[in-house]
Amino acid sequence: MPGIQIHDKFFVPFINADTINKRVRALAGKINSEYAGKNPLLIGILNGSFIFAADLFRELMIEAEISFIKLVSYKGTSTTGHVISAIGLEENLHGRHIIIVEDIIDTGKTLSTFLPEIYLRNPASVKIATFLSKPAALQFDVKADFNAFEIEDKFVVGYGLDYDGLGRNLPDLYILES
Ligand code: 5GP
Ligand code: MG
């Protein structure tokens with residue numbers, strides 16, 4: 001696999017599609033056994049998670065539902081600070097087993113700000129499935145329950161993740177050349 005250029009930056013191959021697909025299947029296997037008979041509701045966070053969420057969902061052999069939301073962040077009042085709110089969360093989460101599906105946990109800020117919104121709706125349980133995480137970059141108290149790959153603290157594109165809009169359709173994951 002050759003390196004690629006997106007906008008002004010160069011990226012080199014990092015994790016190939018085969019390896020990704022095997023790991024996603026393994027995660028789905030865990031969910032299959034843990035959630036049989038529970039009809040979990042997967043909530044994918046757009047845009048980055050759409051490919052991971054679709055691949056993961058296709059591998060679920062149990063009764064399961066999926067929905068997608070978009071998070072918008074804006075400046076709240078001086079007491080609330082930075083606010084992240086969900087668009088498109090119409091499902092009734094009360095008593096449901098929720099699996100949040102993210103592309104990547106970087107600092108953990110997005111999820112740690114958003115998760116209270118989920119808990120307010122009284123779900124039966126909440127777990128997090130993320131395609132990637134960067135343990136060295138973590139600054140907030142969030143932990144993935146299902147994590148396909150832990151990676152170093154460098155910028156990556158592909159498999160749903162973009163650099164300024166481009167690169168989401170790459171089947172392999174690429175990392176910024178250093
Ligand atoms: P956090 O709130 O955990 O710091 O950031 C999570 C979000 O930052 C991800 O959902 C993603 O949109 C973006 N992000 C963090 N690291 C990367 C990366 O290496 N590549 C891309 N494309 N997006 C990233
Ligand atoms: Mg994202």
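This one's a predicted model, so the numbers in the text were calculated from it and none came from an experiment. Counting convention: from 1, in listed order, for ligands and their atoms alike.
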Evaluate the side-chain proximity of [Y] to [X]: yes if any heavy-atom separation is below 4.5 Å, no if none is.
| X | Y | answer |
| --- | --- | --- |
| L42 | I98 | no |
| D103 | F52 | no |
| F149 | I20 | yes |

Where ligand 1 meets [X] - atom numbers and elements under 4.0 angstrom, heavy-atom basis:
| X | value |
| --- | --- |
| T110 | 1 (P), 2 (O), 5 (O), 6 (C) |
| D162 | 21 (C), 22 (N) |
| K109 | 1 (P), 2 (O), 3 (O) |

Give yes or no for whether the N/O distance cutoff of 3.5 Å, strictly under, is met between [X] and ligand 1.
| X | value |
| --- | --- |
| D103 | yes |
| F155 | no |
| G108 | yes |

Side chain, backbone, both or neither: K154 near ligand 1, heavy atoms under 4.0 Å:
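Backbone only.
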Can you list everything that forms a side-chain hydrogen bond (donor to acceptor under 3.5 Å, both in side chains) with D153? Sequence neighbours excluded, please.
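Scan of D153 (side-chain hydrogen bond (donor to acceptor under 3.5 Å, both in side chains), adjacent residues dropped) gives none.
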Check for me whether the distance between the ring centres of Y159 and F131 falls short of 6.0 Å.
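Centroid separation for Y159 and F131: below 6.0 Å.
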Can you list every pair that meets side-chain hydrogen bond (donor to acceptor under 3.5 Å, both in side chains) and has a residue in residues 5-16, with sequence neighbours left out?
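Those involving residues 5-16 are D8-Y163, N16-T19.
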